[in-house]
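Single-structure report; data block below.
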Number of protein chains: 2
Amino acid sequence: MDDVFDTERDSHDRPSNRFGEFLRLSAEERAVVAELLGPPQHYPRHHVLRREGTEPLNLHLLLGGWVAASLSLPTGKQQIVKVHLPGDLLGAPSLSLKSSAETLTTLTPVAAQPLSRSRLIAAFARHPRLAITLFLSAQKERVSLMDRLALVGQADAHVRIAALLVDLFDRLSAIGQARDGAFAMPLTQRDLGDLVGITPVHVNRTLRAMDKANLIRRSDQTITLLDIDRLRGLTGLPRRDFVFEPDWLPFR
Amino acid sequence: MDDVFDTERDSHDRPSNRFGEFLRLSAEERAVVAELLGPPQHYPRHHVLRREGTEPLNLHLLLGGWVAASLSLPTGKQQIVKVHLPGDLLGAPSLSLKSSAETLTTLTPVAAQPLSRSRLIAAFARHPRLAITLFLSAQKERVSLMDRLALVGQADAHVRIAALLVDLFDRLSAIGQARDGAFAMPLTQRDLGDLVGITPVHVNRTLRAMDKANLIRRSDQTITLLDIDRLRGLTGLPRRDFVFEPDWLPFR
DNA sequence: CGGAGTTTTGAGGCTATTCAAAGGTCGTGG
DNA sequence: CCACGACCTTTGAATAGCCTCAAAACTCCG
């Protein structure tokens, strides 16, 4: 966990959190964002940041660690709808609701900054570019959910697991937490099952088969993707090419 | 198809499209929205409004009819990620992308107004309340996708179908297109399968069983929910209670 | 009346599930 | 330092739910 909490970047670089995902924010705008954020908080593993059903008073900007957003069904089963990685904004979907839809649970030790929903929305008026990025971020998340839905709805266990691993790898690569196809994997096989909609037992058999097929290798909390191209090919969905400061946006 | 295209409402009433979903817009704001919209276009059944992979230059505001948003996998299978009903804004997720993720196909004859992505976003600056509603709308859609994902990931065919029917019923009720648990159903059993991730054959057996169990009744293009409470109970997900002009928003 | 698409029904097979239990790993406390 | 418990991974066997393939009946439209 050396540099897990290091998500700050040089401002000339591509920004490292959801606020600069689609636009290169000005110094003033970045100051406004910094002003919105509360002091970083630290949480242990398996801490519940938010329980579904409670009122969503504030969001969290994830600085370091992994967080699961999940829905639970009364059958006892739960679906993890998103694994949040550093830089992600947590809890936004429930802004539209009186009581939260998702439970946010830390999967690792976590550092995050709280941010008040009312102050965030208020900032939209004086800083429309903030509104635009966050609007586009929300749309990006919809695309991601649509992709997940298509996989869970139509693909078999191998494909679902492959897509999940590739997605995690891509997102971790973007924040410098994957090297040579390898990354730390804090998710248990039960977690993986809750993510892709299969039982832990079957996750195990699937991972095992993929290991034997030389697609992946597993060793103490680390997963290595041995043949990323083949894994990517399995998933069947195209790479999603997101815009950045597109020319159709106003006041760039 | 008498009043299918009638989605205009008295301005004192709860607005009928996505622009007034979370805020009661002022006369000026409603004028701005009207100004953004192009002239209504009409399309026949099975018309492709947008093909995945193409650049998303404009959105559509659906006035009447049903539209499917789908992703296709190279296996030939397709997942319908959303059935759009009158009042919905179509194509927004792909604003974040260089090329569209979803294919938009009309399921019935459709009337829709095009709207330019750049002009829409430009309006955010002078009319922050527009930005706020659309931001919240996007979050609402995320919740809806999360619910769908949880159902497809964890529930069996009966529960998935029940949840789908209840969702359609609730949304159609809100626009006055369902009475006494009954509504017109233009989706084929293949469509239903693409929505919930099961084969048409199994959809048929499931519907048939639900009919025999007196949960639903089917007759010429119409579905009647005979026991909505029991159907709702099957799904397991709580009713989603969305905010409207919540007191934590600025400048109400 | 023909043809395309949809609904219905049957039979057989496969994927993933359930249930059960053994072996590992890790953190904790004696 | 070892023993213990909690949780995770692995494996097996039997089962269930859903899929595939196939074909017949029905509806709708030209």
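Protein chains get the first letters and strands the later ones, always in sequence-line order, with residue 1 at the start of each.
With rounding to whole Å, B:His46 atom NE2 is found 16 Å from C:dA4 atom P. The distance from atom CG of B:Leu107 to atom P of C:dT6 is 11 Å, rounded to the nearest whole Å. For the pair A:Gln221 CD and C:dT25 P, the interatomic distance rounds to 11 Å; values are reported in whole Å.
Ionic pairing of B:Arg50 and B:Glu55 is not present here: no N-O contact between side-chain nitrogen and carboxylate oxygen is shorter than 4.0 angstrom.
Between chain B and DNA chain D, the heavy-atom contact criterion of under 4.0 Å yields a 5' to 3' nucleotide range of D:dC18 to D:dC21.
For A:Asp180, there are no side-chain hydrogen bond (donor to acceptor under 3.5 Å, both in side chains) partners, not counting sequence neighbours. Residues satisfying the side-chain hydrogen bond (donor to acceptor under 3.5 Å, both in side chains) criterion with A:Lys82, sequence neighbours excluded, are A:Glu141. Under the ring-ring contact (aromatic ring centres under 6.0 Å, His included) criterion, B:His47 pairs with B:Tyr43, not counting sequence neighbours. Taking A:Arg45 as the reference, nothing meets the salt bridge (Lys or Arg N to Asp or Glu O under 4.0 Å) condition, with sequence neighbours excluded. A:Thr222 pairs by the side-chain hydrogen bond (donor to acceptor under 3.5 Å, both in side chains) definition with nothing, not counting sequence neighbours. Take A:Ser72 and apply the side-chain hydrogen bond (donor to acceptor under 3.5 Å, both in side chains) test, not counting sequence neighbours, and it matches A:Glu52. For A:Asp191, there are no salt bridge (Lys or Arg N to Asp or Glu O under 4.0 Å) partners two or more places apart in sequence or in a different chain. By the side-chain contact (heavy atoms from CB on, under 4.5 Å) test, B:Arg218 pairs with B:Gln189, B:Leu207, B:Arg208, B:Asp211, B:Ile216, B:Ile223, sequence neighbours left out.
For B:Arg51, the CZ atom sits in a loose shell: 12 or fewer heavy atoms of surrounding residues, nucleotides or ligands are nearer than 6.0 Å. Heavy atoms of other residues, nucleotides or ligands lying less than 6.0 angstrom from CZ of A:Arg190 number 12 at most.
Taking the centre and axis of the six-membered ring of A:Phe242, the NZ or CZ atom of A:Lys140 falls inside the cone set by 45° and 6.0 Å.
Axis angle across the helix from C:dC1-D:dG30 to C:dG30-D:dC1, with five pairs used at each end and values rounded to 10°: 40°.
For the contact set between residues 149-162 of chain B and DNA chain C, defined by any heavy atom under 4.0 Å, there are no members. Only B:Ile198, B:Thr199, B:Val201, B:His202, B:Arg205, listed by number, bring a heavy atom of residues 198-211 of chain B to less than 4.0 angstrom from any atom of DNA chain D.
Side chains of A:Gln79 and A:Asp194 form no contact here, defined as non-hydrogen atoms less than 4.5 Å apart.
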